[in-house]
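Below: one structure, written as structure tokens.
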There are 2 protein chains.
Amino acid sequence: MSLRNALLGLLVFRPGSGYDLLKMFDTSLGYVWPAKQSQIYGELTKLDATGLIKVTEEGPRGRKQYSLTPAGHAETVRWLTESRESRPQRNPMLLQTFFLGLLPREEAVQRLLDHAEASAKEHDTLVALRDTEDWDKDMLTVCGRLVLEHGIRQRVLEQEWARWAADQLRAGHAVDPDGGPTGVPGKETDTEEPSAANASDA
Amino acid sequence: MSLRNALLGLLVFRPGSGYDLLKMFDTSLGYVWPAKQSQIYGELTKLDATGLIKVTEEGPRGRKQYSLTPAGHAETVRWLTESRESRPQRNPMLLQTFFLGLLPREEAVQRLLDHAEASAKEHDTLVALRDTEDWDKDMLTVCGRLVLEHGIRQRVLEQEWARWAADQLRAGHAVDPDGGPTGVPGKETDTEEPSAANASDA
DNA sequence: TCCTTCATGTAACCGGTTACATGATTGT
DNA sequence: ACAATCATGTAACCGGTTACATGAAGGA
């Protein structure tokens, strides 16, 4: 239901067409909630049908300008106050990290350092964006700035964590006494066999 | 395609049934990649059909124990080395933050503080988990620990950011005197004054 | 004229969620 | 005997992605 609320949210500030909204997704909102053209148009049609928005003006190329109805405004406020949205749960990068032990140690370490570097680049981009934009014009950009700051901090976290994790893996090359490979094994055992992990089910 | 790889990854360490895998998702992997029972069974069937896993043993209640085939192992390594997965993009909480200006200022601030507190609680849970688990038994838990640490740092970030953001909103001054209708700023381009959320505060 | 941008729509597909349905085995 | 757990499957639905399709308006 979140795309729905994203569209309503944008329409609170000013009426707009599907095309206008698409632009906003692509330039700003898409950082936290991406949406494709086909989905936006479909959702707008539904929103119109349920009476949360309506066409208030028609323009040149079949352009339909949508505005919020009172019901739409109420729904937006309700969404903001009543629903407590949680963090995103699916993280592909952490999923890979979970299985990083299957790679030779150096490769695993390198993957983490690559992630750190990629995050650093993204960090710089976001900082540049923060310092470029003409902020504080309206509430949308005031809150947009809060969101952007979150992104910046996030990239710092990714960097620091990835470097720490790389260190952890590097440090883990102690050979354990009871035979099993405790750290990340080298290339010896990992070709064909599902070698592994342990038998220590105690 | 990530569920697929998650299943393969788990099966590298030890063979298991759909039921076993479901348990692992619910207890550990699910933190970064949740999966439901129906999806797991469906995916295992597909994986079996494509020859990446196979049934190596049948148990009591129609239990089918799956193991990786060499092709499945190769695919897992390929996934880890070749694909560079990105960060999650959809964040419902940040989406709401984007529109927080529609609420009266105190309410918006409170939402952020609530988020900080919720994150603090999650933080404590994760720290407890870190200090309870019997770690370093095998590679899975070594890397699991890296992932857990990420979660802990993430919660710290959320707290710090949310408190900072609350301060930012609070610092935004000036109740606009004419009192716009319930939080819609409209077209007033009052230059650099960050226009207040709305007039609902006294 | 021709290219770009504006502008909307639809159909097929895929991954994930909810819910239903069934039954065997084990422990108390 | 009964409940809990083990164990698998399927069908309907929903949100999101890819791709296709169409055409008007404006500027070079």
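Evaluation of the side chain to side chain contact (heavy atoms under 4.5 Å, CB included) rule for B:Thr81 yields A:Leu103, A:Glu107, B:Val77 as partners, not counting sequence neighbours. With sequence neighbours excluded, the residues that form a side chain to side chain contact (heavy atoms under 4.5 Å, CB included) with B:Gln168 are A:Leu146, B:Trp164. For the side chain to side chain contact (heavy atoms under 4.5 Å, CB included) test, residues two or more places apart in sequence or in another chain that qualify with A:Val156 are A:His123, A:Glu160. For B:Asp167, the salt bridge (Lys or Arg N to Asp or Glu O under 4.0 Å) partners are B:Arg170, not counting sequence neighbours. Checked against side chain to side chain contact (heavy atoms under 4.5 Å, CB included), B:Gln37 has the following partners two or more places apart in sequence or in another chain: B:Leu22, B:Tyr41.
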If the sugar-phosphate is the primed atoms plus P, OP1 and OP2 and the base is the rest, what is the B/S/- string for nucleotides 8-17 of chain C, using protein heavy atoms under 4.0 Å? BBB----SSB
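A side-chain contact (heavy atoms from CB on, under 4.5 Å) with A:Leu95 is found for exactly one of B:Leu3, B:Val147, B:Leu29, namely B:Leu29.
Residue pairs meeting the side chain to side chain donor-acceptor pair (under 3.5 Å) criterion with at least one member in residues 57-70 of chain B, sequence neighbours excluded: B:Ser17-B:Arg63, B:Asp20-B:Arg63, B:Thr56-B:Ser67, B:Glu57-B:Gln65, B:Arg63-B:Gln65.
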Under 3.5 Å, sequence neighbours excluded: what are the donor-acceptor pairs made by side chains of residues 112-121 of chain B?
unit_1	atom_1	unit_2	atom_2	d
B:Asp114	OD1	B:Gln110	NE2	3.0
B:His115	NE2	B:Glu158	OE1	2.8
B:Ser119	OG	B:His115	O	2.9

Atom pairs under 3.5 Å: protein N/O with N/O of nucleotides 1-4 of chain D:
none

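OP1 or OP2 of C:dT5 has not a single side-chain nitrogen or oxygen of A:Lys23 nearer than 4.0 Å.
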